[in-house]
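Indexing begins at 1, ligand by ligand and atom by atom, following the structure's order. Positions are given from 1 along the sequence. No hydrogens, no waters, no symmetry mates; every other heavy atom, side chains included, goes into these values. None of the values given here were measured: they were computed from a predicted structure.
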Amino acid sequence: MPATVGVLALQGAFAVHAAILENLGAATIEVRTAEQLASVDALVIPGGESTTISMLLERSAMLEPLRARLDEGLPVLGTCAGMILLASEISDGRDDQHALGAIDLAVTRNGYGRQIDSFEADIDVAGLDAPFHAVFIRAPVVERVGNAVEVLAEVDDQAVLCTSGSVTVAAFHPELSDDDRIHRQWLDRIGG
Ligand code: GLN
């Protein structure tokens with residue numbers, strides 16, 4: 001298990017991630033500064049609003065330090081907006097929105113469209129022996145998956161949970177299902 005797991009706490013759904021990780025025995029800190037970022041051994045980038053988180057990363061002088069840590073292989077879990085931020089290509093983003101390019105995915109923001117803005121689905125996840133009830137909220141659609149990316153779960157043939165190297169991303173909110181298996185699986189993956 002990594003010594004300290006940071007949860008990026010600039011905006012969005014960070015608190016529940018921290019609570020789940022603490023319950024699983026991980027020491028967690030909320031990350032709002034470059035100093036805090038430098039002190040963590042793994043990081044969660046939560047759901048929220050990717051354009052806002054991108055802007056706040058820039059304003060808090062964390063964008064370049066985060067890129068550097070990702071380049072060095074910082075283990076990271078990005079959920080929903082976090083997936084968007086970590087992707088290599090973003091469609092329907094803002095022009096000034098940064099793609100961290102930590103995982104070779106092309107995503108479309110809010111790609112499921114207005115009518116099915118938010119939905120829930122029981123998904124089969126590689127490595128879990130029973131389906132996970134996944135909550136999607138204005139979720140990104142994964143349009144392209146790079147060769148080095150392993151798809152761990154799909155909805156209607158579209159990837160919704162992926163991993164590559166030290167990066168894991170989910171289009172849904174695994175913290176909202178009263179089920180810690182995605183977090184547990186992530187900690188196992190990065191600790192091993
Ligand atoms: N649509 C949001 C974005 O663009 C993501 C929504 C979410 O994180 N629940 O960042």
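At the shortest separation from atom 1 (N) of ligand 1 among protein heavy atoms lies Asn110 OD1, 2.4 Å. If you check which protein heavy atom lies closest to atom 7 (C) of ligand 1, you get Cys80 SG, 2.7 Å. Of the protein's non-hydrogen atoms, Arg109 NE, 2.5 Å is the one closest to atom 4 (O) of ligand 1. At the shortest separation from atom 10 (O) of ligand 1 among protein heavy atoms lies Ser50 N, 2.4 Å. The closest protein non-hydrogen atom to atom 5 (C) of ligand 1 is Gly48 O, 3.3 Å.
Leu10 and Phe14 end up in different hydrophobic clusters when Ile, Leu, Val, Met, Phe, Trp and Tyr side chains are linked at under 4.5 Å. A chain of hydrophobic side-chain contacts below 4.5 Å, direct or via other Ile, Leu, Val, Met, Phe, Trp or Tyr residues, connects Leu66 to Met55. If you chain together hydrophobic residues whose side chains sit under 4.5 Å apart, Leu43 and Leu105 fall into the same group.
Considering backbone and side-chain N/O of Ile137, one or more are found under 3.5 Å from N/O of ligand 1. In terms of polar-atom proximity, defined here as any N/O pair under 3.5 Å, Ile84 makes no such contact with ligand 1. At under 3.5 Å, a nitrogen or oxygen of His173, whether backbone or side chain, sits near a nitrogen or oxygen of ligand 1.
Looking at Thr79 against ligand 1, nothing comes within 4.0 Å, counting heavy atoms. Counting heavy atoms under 4.0 Å from ligand 1, residue Arg138 touches it through both backbone and side chain.
Classified by interplanar angle (parallel below 30°, tilted 30° to 60°, perpendicular above 60°), the ring pair Phe119/Tyr112 is perpendicular.
The line from CG of Leu187 to CG of Leu77 is 9.0 Å long, rounded to the nearest 0.5 Å. Rounding to the nearest 0.5 Å places CD1 of Ile123 at 6.0 Å from CG of Leu161.
Summarising the geometry of Ile84 relative to Arg109, their closest heavy-atom pair is CD1-CG, 3.6 Å, with the distance given to 0.1 Å.
A donor-acceptor pair under 3.5 Å is formed between the side chain of Ser39 and the backbone N or O of Gln36.
Close approach of ligand 1 to Gly47 is summarised as follows: ligand atoms under 4.0 Å from at least one heavy atom of the residue are 8 (O).
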